[in-house]
Chemist: 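Would you mind keeping the following structure in view while I ask a few things?
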Amino acid sequence: MIPAHVPDEPPLTYADSFDVPVLFRNGPAKKPRRQWRTARHKPWVGSGGFPATGGWYVSTTTWREIIKAAVEVGRDVTPHLQNQPRYAHGELVARVAPLYAYLGMHPVMPQFPVRGTKGRRLTLNPVYAYGTERSAKNAAAYRLGMTMTEWACRSLLGLGQTEHLELGGPIPALINTFKDPKEKLPDLWGQHQAEDSYWLIEAKGGDVGLSTLRKGWAQLAAGSKILGSYAHRTVLVGACVRPGDDLFLTIDHDLHSGQPPLTPAGLDIDDESGVGPGNLEDRLGDSDDALIGAARAQMLAYLALRSAPASQLRTVPVLADRASRHRRSGLTTPLEGDDLTRVMRAEARGAVRHTERHILRARIRSMGLDDFLTCRIPGTEVHLGMSRKLFAACERLHEEDLAIAQRTPGLRAEDQPADVQELSDDAQEEQQLIQRRIFREQQEEARPQLRPRLRDAFERGATSDWSDLLRRPQEPELDLEGDEGLLEAATPETYLAVSRYGLPPARA
């Protein structure tokens with residue numbers, strides 16, 4: 001049983017910010033002995049790249065930022081959901097549930113406090129410490145490692161969108177080598193625009209020790225050997241936590257000089273319109289490929305919104321000025337500290353008494369507000385949403401992907417041999433991987449035609465009604481009252497909120 005001295009308390013109501021210690025090193029080493037508490041930490045200042053010197057740093061972030069990383073990292077499963085979009089809810093639950101199930105927060109007093117930090121850190125809760133069996137711990141460690149790696153690379157270090165390496169690496173000529181199932185390769189890759197290099201990334205989570213890190217370093221070395229003469233950085237992130245300890249990250253990295261990254265075949269990236277660091281949404285106005293990438297990154301959220309019952313959908317007002325949500329650090333902008341949004345929402349509520357419901361949306365848009373479509377993901381305390389423009393782009397991308405699946409032999413499950421279920425688990429996994437790769441190749445071949453189609457949908461979405469986009473007779477409810485139980489955040493085109501009462505409990 002859980003010891004009697006552990007209090008049985010509901011989660012406390014507090015802002016969701018907390019501190020994450022991060023140790024930068026040049027290669028794997030032994031696990032630091034409580035240095036996440038005893039070492040002098042430098043404050044993280046959001047450099048958008050690696051610090052000039054290694055050592056301990058501490059960054060303050062939010063649970064919302066962590067959840068955004070969780071829902072966007074990993075294998076793209078949306079090709080499997082073309083005809084069953086409702087199952088997107090299940091995948092989103094799988095990505096966030098382990099974090100809610102096993103993480104808590106506790107107050108800390110470091111030996112050398114850093115000004116501006118919150119004095120709260122993530123840890124494992126008593127359920128994990130006393131009641132979870134090994135297989136569940138392994139699954140949770142995988143999800144924790146992937147989530148914290150995505151958070152570190154994108155929110156701290158300014159990397160662009162990550163992609164799973166199983167579908168092939170960044171160099172078209174090397175794609176078959178990266179697809180070799182016999183190779184033990186890292187998890188993710190991305191391109192860092194400011195650094196002008198590819199990144200190969202391996203994620204580890206749980207009670208990460210030296211032997212685990214060495215395996216990850218070997219996986220990175222195998223990927224680095226394939227990239228060869230191209231400039232790239234290998235990044236190994238260990239999200240380490242044990243019961244009673246603080247969650248901290250070790251980031252072991254190595255920079256390999258060489259030729260500058262190639263412009264992938266068919267992409268429109270150049271010095272003026274290239275996808276900027278961190279968030280594709282910051283460049284949607286001048287890069288069609290940023291728009292394609294952003295729509296693809298949000299397909300799970302789109303499918304969840306598209307398939308949600310009308311009673312579960314609502315729209316929330318946010319500032320129409322996208323520049324107000326371009327973060328200097330991190331990807332999301334918390335809305336509770338946005339005074340202008342709060343004032344304009346109050347003005348919109350006042351307008352309700354004098355405006356007929358059917359013209360209310362036009363009224364608030366004339367005031368400088370937009371309304372983003374949102375829904376709560378069933379089984380979670382997470383609300384996801386997006387703008388009209390991005391929803392319309394995702395809709396068109398979904399239609400194009402469905403057309404690819406229908407015209408490509410072998411992609412549909414009904415086209416598979418009847419004896420496929422008799423294959424071993426490994427053989428089935430390899431077969432499914434081949435199908436995903438074929439699908440991705442078809443997507444890339446369609447990119448030149450896709451650019452103008454998504455751009456047209458994106459622009460038309462700005463003036464579309466939600467009833468037209470959703471193909472339903474009624475508009476979703478416009479929520480001007482707000483929910484005091486939610487902590488909201490937004491990016492230029494997406495919305496994310498978490499329940500104050502569903503945050504990891506303090507004093508875990």
Side-chain angles (χ1 to χ4, degrees), residues 13-17 46 60-68 71 118 155 278-285 294 298 301 305 313-355 357 359-377 381-391 461-466 469 475-503:
T13 301
Y14 50 79
D16 68 338
S17 55
T60 297
T61 190
T62 66
W63 187 243
R64 285 161 281 183
E65 194 83 5
I66 299 300
I67 293 300
K68 183 167 181 65
V71 300
K118 300 300 181 181
S155 295
N279 196 355
L280 292 171
E281 296 171 40
D282 294 343
R283 302 305 302 275
L284 298 189
Q298 298 302 323
L305 291 166
L313 293 172
R314 66 190 184 106
T315 62
V316 296
V318 296
L319 285 179
D321 178 15
R322 267 63 177 169
S324 68
R325 299 190 292 280
H326 288 184
R327 295 290 309 282
R328 291 185 178 180
S329 62
L331 299 178
T332 63
T333 300
L335 297 185
E336 66 269 17
D338 187 339
D339 294 336
L340 184 55
T341 294
R342 187 163 54 249
V343 169
M344 294 184 71
R345 283 180 171 181
E347 292 179 357
R349 284 194 295 272
V352 172
R353 295 189 294 271
H354 312 289
T355 306
R357 300 295 296 186
I359 62 173
L360 181 58
R361 293 177 194 275
R363 174 72 181 276
I364 71 165
R365 293 172 77 175
S366 70
M367 298 169 60
L369 290 170
D370 197 358
D371 57 324
F372 281 24
L373 182 71
T374 75
C375 75
R376 183 178 68 83
I377 305 304
E381 298 295 337
V382 176
H383 299 245
L384 297 179
M386 64 181 65
S387 69
R388 286 181 176 80
K389 295 196 294 183
L390 185 56
F391 188 95
T463 55
S464 299
D465 292 332
W466 277 117
L469 292 172
E475 291 275 294
E477 177 188 356
L478 175 59
D479 184 4
L480 291 176
E481 297 302 321
D483 184 345
E484 290 298 324
L486 289 182
L487 290 165
E488 301 174 286
T491 69
E493 305 296 337
T494 71
Y495 173 91
L496 184 148
V498 299
S499 169
R500 293 177 185 266
Y501 311 107
L503 294 175

Chemist: Less than 4.5 Å apart, side chain to side chain, heavy atoms only: is that true for Val316 and His383?
Modeler: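 SC-SC contact between Val316 and His383 ruled out.
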Chemist: Evaluate Leu478 against Ile364 for side-chain contact (heavy atoms from CB on, under 4.5 Å), listing each step before the verdict.
Modeler: CA-CA 11 Å; Leu478 175 59; Ile364 71 165; 4.1 Å; yes
Chemist: When you compare the side chain of Leu384 with that of Leu305, does any pair of heavy atoms fall below 4.5 Å?
Modeler: no
Chemist: Looking only at non-hydrogen atoms, find the nearest pair between Ser155 and Glu65 and report the distance.
Modeler: OG-OE2, 2.6 Å
Chemist: Nearest 0.5 angstrom please: Glu493 CD to Asp282 CG, how far?
Modeler: 10.0 Å
Chemist: Under the rule for salt bridge (Lys or Arg N to Asp or Glu O under 4.0 Å), what residues qualify as partners of Asp479, not counting sequence neighbours?
Modeler: Arg314
Chemist: Tell me if a side-chain donor or acceptor on Glu381 pairs with a main-chain N or O of Ser499 at a distance below 3.5 Å.
Modeler: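 Between the backbone of Ser499 and the side chain of Glu381 there is no qualifying donor-acceptor contact (under 3.5 Å).
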Chemist: For Thr374, which residues count as a side-chain hydrogen bond (donor to acceptor under 3.5 Å, both in side chains) partner, sequence neighbours excluded?
Modeler: none
Chemist: Starting at CG of Leu390, measure out to CG of Leu284 and round the result to the nearest 0.5 Å.
Modeler: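 The CG atom of Leu284 is 7.0 Å from CG of Leu390, to the nearest 0.5 Å.
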Chemist: Is there side-chain contact between Leu319 and Leu369, with at least one heavy-atom pair below 4.5 Å?
Modeler: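 SC-SC contact between Leu319 and Leu369 confirmed.
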Chemist: Grab the two heavy atoms, one from Ala348 and one from Leu480, that are nearest each other, plus how far apart they are.
Modeler: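 For Ala348 versus Leu480, the nearest heavy atoms are O-CD1, 3.8 Å.
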Chemist: Do Arg64 and Glu336 meet the salt-bridge criterion of a basic N to acidic O distance under 4.0 Å?
Modeler: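 A salt bridge links Glu336 with Arg64.
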Chemist: Test your reading of the model: is there a side-chain donor-acceptor pair from Arg322 to the backbone of Ala320, 3.5 Å cut-off?
Modeler: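 Yes, Arg322 side chain to Ala320 backbone: donor-acceptor pair under 3.5 Å.
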Chemist: Which heavy-atom pair separates Thr491 from Leu331 by the least distance, and what is that distance?
Modeler: CG2-O, 3.3 Å
Chemist: Rounded at 0.5 Å granularity, tell me how far OG1 in Thr61 sits from CG in Asp16.
Modeler: 8.5 Å
Chemist: Does the pair Asp321 and Leu340 meet the rule for a side-chain contact (heavy atoms from CB on, under 4.5 Å), with working shown?
Modeler: CA-CA 11 Å; Asp321 178 15; Leu340 184 55; over 6 Å; no
Chemist: My understanding is that only residues two or more places apart in sequence, or in another chain, count here; which of them pass side-chain hydrogen bond (donor to acceptor under 3.5 Å, both in side chains) with Gln298?
Modeler: Glu72
Chemist: Only counting residues at least two apart or in another chain, list the ones meeting side chain to side chain contact (heavy atoms under 4.5 Å, CB included) with Thr60.
Modeler: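 Result, side chain to side chain contact (heavy atoms under 4.5 Å, CB included) vs Thr60: Ser17, Asp19, Thr117, Lys118.
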Chemist: Would you indicate whether the side-chain heavy atoms of Lys68 and Thr494 approach each other to under 4.5 Å?
Modeler: yes
Chemist: Can you give me the closest heavy-atom contact between Val318 and Arg345, atom names plus distance?
Modeler: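 Reported closest heavy-atom pair: CG1-NH2, 4.2 Å.
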Chemist: How close do Gly485 and Asp483 get, heavy atom to heavy atom, and via which atoms?
Modeler: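 Shortest heavy-atom contact: N-OD1, 2.8 Å.
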Chemist: For Glu475, give me all partners under salt bridge (Lys or Arg N to Asp or Glu O under 4.0 Å), at least two apart in sequence or on another chain.
Modeler: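 In terms of salt bridge (Lys or Arg N to Asp or Glu O under 4.0 Å), with neighbours along the sequence ignored, Glu475 is linked to Arg361.
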Chemist: Does this structure show an ion pair linking Asp371 with Arg388, if we count only N-O contacts that are shorter than 4.0 Å?
Modeler: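 Salt bridge flag = yes for Arg388 with Asp371.
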Chemist: I need the minimum non-hydrogen distance between Arg365 and Ser464, along with the two atoms involved.
Modeler: NH1-O, 4.2 Å
Chemist: I'd like to check the ring-ring contact (aromatic ring centres under 6.0 Å, His included) partners of Phe391; sequence neighbours left out, ordered by chain and number.
Modeler: Tyr302, Trp466
